[in-house]
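What follows is one structure encoded as structure tokens, with my remarks underneath.
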Amino acid sequence: MSDRTPALDAVHGMLTLLFAVVALHVLWHAVRSPGAGRRDRVDLVLHCAMAAAMAAMPWTCGPPLSGRAATVFFTAAALWFLVTARTAVVFADRLTPAVGMAAMAWMSRTSPGAALETVAAAGVPAEPHTAAHGHAADASTTATLVTVVLTVYLLGCALRSLTRPMPALRTATDPAHRAAATDPYGYVRDGAMALGTAVMLLLPH
């Protein structure tokens, strides 16, 4: 890619390692939880798929990690986490992975500048070309706003997950903490995933 630099490749390499570790941890947790319910199994498959796709994304230039198919898949994954929440508390817990999937769908979309490049290549007359610039500028502003919102939210989720006190997992008796005790490193994994996704949103890929 034309905008690649050694520094950017180094950052992408670290992110690839991070996402690969996350994917392996999800698989390890799935193997250790053979009695998981259908929803939990689907959750694990989607988490693993996203982590693997994020690990590969910096090194690919086209399908299958970009374009409509990936956008549709990860949009559906985001909706899965929301529509399968049975209570408000569960909905809040599943909002973070849903936003992560939405961010993946957002990153896999066609670049807003692609339409403008197509217009320029086609040699469209000056006035429509100027109008296209205006539409592209509006789209770029909207894209920037969406990216900023997703990034800030994911950074907040990462900070919350990575600073969560681990001793509470052993002493609390409420259902949420009992469930977390079966996956004691889940908060670290989820925080690392949210952090890596937030960084990826800000990098060329």
Side-chain angles (χ1 to χ4, degrees), residues 1-33 43-67 69-71 73-75 77-78 80-81 93-114 140 143-166 169 180 183-205:
M1 298 171 67
S2 59
D3 56 354
R4 300 201 79 91
T5 66
L8 182 59
D9 282 344
V11 174
H12 279 158
M14 289 186 286
L15 288 171
T16 294
L17 178 61
L18 170 69
F19 292 127
V21 170
V22 168
L24 289 173
H25 186 269
V26 171
L27 287 175
W28 177 71
H29 180 58
V31 170
R32 291 180 63 250
S33 309
D43 288 354
L44 291 171
V45 169
L46 292 176
H47 280 303
C48 188
M50 179 178 171
M54 292 286 280
M57 180 179 276
W59 315 106
T60 59
C61 303
L65 299 181
S66 64
T71 301
F73 176 82
F74 287 107
T75 299
W80 162 265
F81 281 98
D93 287 340
R94 294 173 72 78
L95 186 58
T96 299
V99 173
M101 295 291 169
M104 184 65 187
W106 180 248
M107 284 186 284
S108 64
R109 79 198 191 288
T110 302
S111 170
S140 178
T144 299
L145 180 60
V146 172
T147 299
V148 168
V149 170
L150 289 172
T151 301
V152 170
Y153 182 84
L154 289 171
L155 285 175
C157 292
L159 182 63
R160 178 173 176 269
S161 293
L162 294 174
T163 58
R164 195 176 289 229
M166 294 298 289
L169 298 178
D183 186 17
Y185 299 104
Y187 290 134
V188 177
R189 180 194 66 224
D190 294 343
M193 189 69 182
L195 179 60
T197 304
V199 173
M200 280 289 288
L201 279 163
L202 299 176
L203 293 177
H205 47 267

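- A distance of 8.5 Å separates CE of M193 from NE2 of H47, quoted to the nearest 0.5 Å.
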- Query: M50 and V22: side chain to side chain contact (heavy atoms under 4.5 Å, CB included), yes or no, with the steps?
  - Reply: CA-CA 10 Å; M50 179 178 171; V22 168; over 6 Å; no
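- Taking all atoms of both residues into account, the shortest heavy-atom contact from V26 to R189 is CG2-CD, 3.6 Å.
- Y153 is listed as a side-chain neighbour of T96, based on a closest heavy-atom distance under 4.5 Å.
- Judged by distance alone, the side chain of S161 and the main-chain N or O of A158 form no donor-acceptor pair under 3.5 Å.
- Taking the side chain as every heavy atom from C-beta outward, R94 and W80 approach each other to under 4.5 Å.
- Between the CE atom in M57 and the NE2 atom in H12 there is a gap of 10.0 Å [rounded to 0.5 Å].
- Applying the salt bridge (Lys or Arg N to Asp or Glu O under 4.0 Å) definition to pairs two or more places apart or across chains, none involves residues 45-58.
- Pairs passing the salt bridge (Lys or Arg N to Asp or Glu O under 4.0 Å) check and including a residue from residues 22-31, sequence neighbours excluded, do not occur.
- A salt bridge (Lys or Arg N to Asp or Glu O under 4.0 Å) check over residues 7-24, counting only residues at least two apart or in different chains, returns the pairs R4-D9.
- For the atom pair SG (C157) and CG (L162), the distance works out to 10.5 Å, reported to the nearest 0.5 Å.
- A pairwise comparison of heavy atoms in A53 and M104 identifies CB-CE, 3.5 Å as the closest pair.
- Checked against side chain to side chain contact (heavy atoms under 4.5 Å, CB included), L150 has the following partners two or more places apart in sequence or in another chain: V99, A103, W106, V146, L201.
- A search for side chain to side chain contact (heavy atoms under 4.5 Å, CB included) contacts involving L155 returns T151, L195, A198, not counting sequence neighbours.
- Taking CZ from F74 and CE from M54, the interatomic distance works out to 9.0 Å, rounded to the nearest 0.5 Å.
- For V11, the side chain to side chain contact (heavy atoms under 4.5 Å, CB included) partners two or more places apart in sequence, or in a different chain, are M14, L15, L203.
- Residues meeting the side chain to side chain contact (heavy atoms under 4.5 Å, CB included) test with A23, sequence neighbours left out: C48, A51.
- Shortest non-hydrogen contact noted between A20 and A55 is N-CB, 4.2 Å.
- Residue pairs meeting the salt bridge (Lys or Arg N to Asp or Glu O under 4.0 Å) criterion with at least one member in residues 11-24, sequence neighbours excluded, do not occur.
- In this structure, F19 has no ring-ring contact (aromatic ring centres under 6.0 Å, His included) partners at least two apart in sequence or on a different chain.
- Residues that satisfy the side chain to side chain donor-acceptor pair (under 3.5 Å) test with T16, not counting sequence neighbours, are W59.
- Taking the six-membered ring for Trp and thresholds of 30 and 60 degrees, H25 and W28 have ring planes inclined between 30 and 60 degrees apart.
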